[in-house]
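What follows is one structure encoded as structure tokens, with my remarks underneath.
Whatever order the structure lists them in is the order used to number ligands and atoms, beginning at 1. Small disclaimer: the values here were computed from a predicted structure and weren't measured.
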Amino acid sequence: MGRRKLVVGNWKMNGMRAHLDEVEAIGRVAAAHPSVEVGLCLPATLIMAGSERRGAAFIGGQNCHMDISGAYTGSLSAEMLAEAGATWVITGHSERREARGETNADIASKSEAAHKAGINVILCVGETLAVRDAGKAEQVVADQLLASLPDDAAADWLAVAYEPIWAIGTGRIPTLEAVATMHAALRAALASRIGAEADKMRILYGGSMNGDNAADLMAIADVDGGLVGGASLSAKKFAPIIEAAEQRMAAAA
Ligand code: PEP
């Protein structure tokens, strides 16, 4: 049995109650494409209301704290996200690694905390343009993945997202060959840590994925779906990506 494609929107700091209609519309698109697992990682303020209108899509958070509770002003624990209705959470997004100084160890702890709270994890990794230009992308990203991977990582609760930092929100993507090389390198790195479990673990591509490039990206053997920012904000833009994932699933069956 192959890996089920996973397509997840990351709304970042976008979305007010008025946008819950889009959540509902995306939930309907998810219901129409049952072979694909579809989710939306919403701003925390929308998780509860979004969970009530999610249809066949799951709702996730975009970050969690590594502790269950405590004096951490402004933070949310994984348990809190779960209580609000989130069943997934993103950890290690480059916008947090860079702007908030999150370390690989922090990300492993947050992922572990999410797992303990019963939440699945999308663990993000990716290189800067300088690293890619230096020809070190595979080595640097594989090292980053192994350093932020929790010890007991397993495919039934954790997926990896490869997101080249220079491709996020820029409209640029790596060549398909570069994506294939990276995803194969990440699967090999996973295998070195978790053995045969690596074959079951989904590795998503993220960074300027849209309705025009999704089919080509998801045709790559080790690309098991997408983490999508800008193009997930409306059902109109997100639907073609979900559709492309379903077509790839059908072609591989
Ligand atoms: C992201 O930030 O996770 C992302 C993939 O953004 P975009 O699709 O807008 O490049």
Side-chain angles (χ1 to χ4, degrees), residues 5-15 19 22-23 26 29 36-44 46-47 50 57-64 81 86 88-102 107 110-111 114 120-129 131-132 137 141 144-145 148 158-176 178-179 182-183 186 202-218 220 222-245:
K5 292 261 194 272
L6 173 61
V7 176
V8 184
N10 173 14
W11 276 22
K12 310 191 186 191
M13 199 173 73
N14 296 294
H19 299 102
E22 290 298 335
V23 174
I26 289 166
V29 176
V36 182
E37 190 169 4
V38 176
L40 284 177
C41 291
L42 298 176
L46 288 185
I47 289 176
F58 66 74
I59 300 299
Q62 301 170 10
N63 174 50
C64 66
L81 293 180
W88 285 75
V89 68
I90 295 171
T91 60
H93 194 284
S94 59
E95 286 157 13
R96 296 196 61 88
R97 285 182 187 262
E98 286 196 329
R100 307 298 172 111
E102 288 188 6
I107 291 150
K110 286 174 181 228
S111 303
N120 296 336
V121 170
I122 299 167
L123 194 170
C124 301
V125 291
E127 82 284 1
T128 60
L129 193 54
V131 165
R132 175 151 292 276
V141 179
Q144 193 185 38
L145 174 58
S148 39
L158 187 140
V160 173
Y162 164 56
E163 298 206 302
I165 296 169
W166 51 274
I168 294 178
T170 61
R172 296 177 60 194
I173 64 166
T175 63
L176 298 178
V179 174
M182 176 63 79
H183 279 238
L186 295 181
R202 290 174 291 184
I203 307 178
L204 316 184
Y205 169 81
S208 297
M209 186 181 265
N210 58 40
D212 293 332
N213 60 30
D216 287 342
L217 285 162
M218 285 193 270
I220 298 170
D222 281 303
V223 174
D224 305 311
L227 182 57
V228 184
S232 71
L233 292 171
S234 72
K236 194 169 171 230
K237 285 189 180 162
F238 202 28
I241 300 175
I242 297 165
E243 175 76 34

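- For atom 8 (O) of ligand 1, the nearest non-hydrogen atom of the protein is Gly229 N, 2.8 Å.
- Under a 4.0 Å criterion applied to the non-hydrogen atoms of Gly169, ligand 1 contributes the atoms 7 (P), 9 (O), 10 (O).
- Between Tyr162 and His183, the ring planes are perpendicular. Angles over 60° get that label, and only those under 30° would be called parallel.
- Here the SG-CD distance, from Cys124 to Glu102, works out to 10.5 Å after rounding to the nearest 0.5 Å.
- In terms of modelled atom types and a separation under 3.5 Å, the side chain of Lys110 and the main chain of Ile90 share no donor-acceptor contact.
- Ligand 1 has no nitrogen or oxygen under 3.5 angstrom from a nitrogen or oxygen of Leu227.
- A donor-acceptor pair under 3.5 Å is formed between the side chain of Trp11 and the backbone N or O of Ser232.
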Stepwise side-chain contact (heavy atoms from CB on, under 4.5 Å) test for Leu40 and Phe238: CA-CA 10 Å; Leu40 284 177; Phe238 202 28; 3.9 Å; yes
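- Looking at ligand 1, you won't find any N or O of Gly207 less than 3.5 Å from one of its N or O atoms.
- Counting protein heavy atoms only, atom 9 (O) of ligand 1 is closest to Gly230 N, 2.9 Å.
- Looking at Gln62, its side chain never comes within 3.5 Å of a backbone N or O of Asn10 through a donor-acceptor pair.
- Residue Ser208 places a heavy atom under 4.0 Å from ligand 1.
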Between Ile122 and Leu227, is the side-chain contact (heavy atoms from CB on, under 4.5 Å) condition met? List the steps. CA-CA 9 Å; Ile122 299 167; Leu227 182 57; 4.3 Å; yes
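- Residue Thr170 has no N or O atom closer than 3.5 Å to an N or O atom of ligand 1.
- Considering only non-hydrogen protein atoms, atom 2 (O) of ligand 1 sits nearest to Lys12 NZ, 2.5 Å.
- Protein heavy atom in closest approach to atom 3 (O) of ligand 1: Glu163 OE2, 2.7 Å.
- Residue-level proximity to ligand 1 for Asn10 is carried by the side chain, the only part with a heavy atom below 4.0 angstrom.
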